[in-house]
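Read through the structure below, which is laid out as structure tokens, and then see the notes.
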Amino acid sequence: MPERILSLPGSTDRFILTDRPAPTLTDRYRPLPDGMTLSRGTVVPAYQVAAGDVIVAFFTDGPGTRHAEHVLEAFTARPRPFGTCPAQCAECEDVHTRGATTDRYLCLADADDREDCVIVYRNTPVAIVPAATAASLPPLDSAPPLPDLFTLDDGEHGPYEALPVPRAWSPFATISVTRATAVQIVADLASSPTGRHLICEWLHDALLISSDPRLRTEPGRPGRLIRPDANGRYRIGGLWPWLPYSPEDDDPTH
């Protein structure tokens, strides 16, 4: 993998910036926009990160040679002092309970509907694409997002690709899947304990999922009819808890 060796003024450490890894089931790296390559990157301490810089990686601990640890999804920096979290997110609360102080930590980006705040030491080395350079390139959201991955609650069927879900998503909420994935879910339910009391059938392009009539708490209720949306996707949920896919699910040692 190609690499660049970068340095910081006043530091003898060598910072190795490599190409962004390709996404796998194990490591969900969202691609960068066209033209945003490692040749555009540099390294700065966190307190020098400016609004609009694109953060692409942090680094392993020093001293000596320090290798890039790419963030799963590059993000635009919106630095602010630590301790002023507008969302009271879990990350800020956790760092605060560990004794973090405003003179040692800062926030590089606020929490949004998918991620908590990004809190780091002020001197943390950060690999960035400077704001002025990023402004001349396609925006970050022009790179297609990677699908989220889920399994049935038996943990043995899947993973199923779905559109990304928000941070506040719950396991009984819906996930949005393609027709092919919906077909696979139906097939897997037939051999999974998750589907032992469910009946699935296709009615043209609609999917009907109903419970065994003998177990219905509301007599005569026909079940849940799931029709494709305008993009041909099916929103399935509320019938069993979805589990976010973990690579450990496929590891026989766990």
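Note that the coordinates shown come from a computational prediction; the quantities given were computed from them, not determined experimentally.
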Would you say [X] and [Y] make side-chain contact, with heavy atoms under 4.5 Å?
| X | Y | value |
| --- | --- | --- |
| T151 | P244 | no |
| F150 | V165 | yes |
| H70 | P21 | yes |
| L189 | L152 | yes |
| T12 | P63 | no |
| I185 | V183 | no |
| T42 | P130 | yes |
| I209 | I199 | no |

Using 0.5 Å steps for rounding, measure from the [atom1] atom of [X] to the [atom2] atom of [Y].
| X | Y | atom1 | atom2 | value |
| --- | --- | --- | --- | --- |
| S7 | R14 | OG | CZ | 10.0 Å |
| D153 | L239 | CG | CG | 11.0 Å |
| F75 | E115 | CZ | CD | 9.5 Å |
| E93 | D116 | CD | CG | 9.0 Å |
| S11 | L6 | OG | CG | 11.5 Å |

Show me, pair by pair, the donor-acceptor contacts under 3.5 angstrom made by side chains of residues 46-61, not counting sequence neighbours?
from : atom 1 : to   : atom 2 : distance (Å)
D53  : OD1    : A131 : N      : 2.8
D53  : OD2    : A50  : N      : 2.8
T60  : OG1    : H67  : N      : 2.8

query = Does any pair with a residue in residues 126-145 pass ring-ring contact (aromatic ring centres under 6.0 Å, His included), and if so which ones, sequence neighbours excluded?
reply = none
Got a sec, which residues hit side-chain hydrogen bond (donor to acceptor under 3.5 Å, both in side chains) with [X], two or more places apart in sequence or on another chain?
| X | value |
| --- | --- |
| T76 | none |
| R40 | none |
| D148 | none |

For a quick test of reading the model, state the closest non-hydrogen atom pair linking [X] to [Y] and the distance between them.
| X | Y | value |
| --- | --- | --- |
| V177 | A162 | CG1-CB, 4.0 Å |
| T174 | R235 | OG1-NH2, 3.0 Å |
| L8 | P45 | CD2-CD, 3.6 Å |
| P164 | L146 | CG-O, 3.5 Å |

Donor-acceptor under 3.5 Å (R233 side chain, S176 main chain) = yes
request  = Answer yes or no: is there a donor N or O on one side and an acceptor on the other, between the side chain of T124 and the main chain of Y121, under 3.5 Å?
outcome  = yes
key: Results of side chain to side chain contact (heavy atoms under 4.5 Å, CB included) for L149 - residues two or more places apart only   = L25, R28, P159, E161, Y245
task = Apply side chain to side chain contact (heavy atoms under 4.5 Å, CB included) to E201 and list each qualifying residue two or more places apart in sequence or on a separate chain.
result = L203, L208
Treating Ile, Leu, Val, Met, Phe, Trp and Tyr as nodes and any side-chain heavy-atom pair under 4.5 angstrom as an edge, say whether [X] and [Y] lie in one connected cluster.
| X | Y | value |
| --- | --- | --- |
| V186 | W242 | yes |
| Y29 | I16 | no |
| V126 | L106 | yes |
| F15 | V71 | no |
| Y160 | L207 | yes |

query = Hey, mind stepping through H157 and S191 against side chain to side chain contact (heavy atoms under 4.5 Å, CB included) and telling me if it holds?
reply = CA-CA 9 Å; H157 293 84; S191 60; 3.4 Å; yes
Do any side-chain atoms of residues 133-145 form donor-acceptor pairs under 3.5 angstrom with protein atoms, and if so which ones, sequence neighbours left out?
from : atom 1 : to   : atom 2 : distance (Å)
S136 : OG     : T133 : O      : 2.7
S142 : OG     : P139 : O      : 2.6

query = Do the rings of W202 and Y234 sit parallel, tilted or perpendicular, given the 30° and 60° boundaries?
reply = perpendicular
message = Applying side chain to side chain contact (heavy atoms under 4.5 Å, CB included) to Y105 and V120, what does each step give before you reach the verdict?
response = CA-CA 6 Å; Y105 288 81; V120 298; 6.0 Å; no
inquiry  = So that I can tick it off, tell me whether D110 and R80 are bridged by a salt bridge, with the cut-off set at under 4.0 angstrom between side-chain N and carboxylate O.
reply    = yes
Using the test salt bridge (Lys or Arg N to Asp or Glu O under 4.0 Å), find all partners of [X] that sit at least two apart in sequence or belong to another chain.
| X | result |
| --- | --- |
| R30 | E73 |
| D13 | R66 |
| D94 | R98 |

Report all side-chain donor-acceptor pairs from residues 32-39 shorter than 3.5 Å, counting only partners two or more places apart or in another chain.
from : atom 1 : to  : atom 2 : distance (Å)
T37  : OG1    : S39 : OG     : 2.8

message = So for atom CZ, which belongs to R227, do other residues, nucleotides or ligands contribute more than 12 heavy atoms lying within a distance under 6.0 Å?
response = no
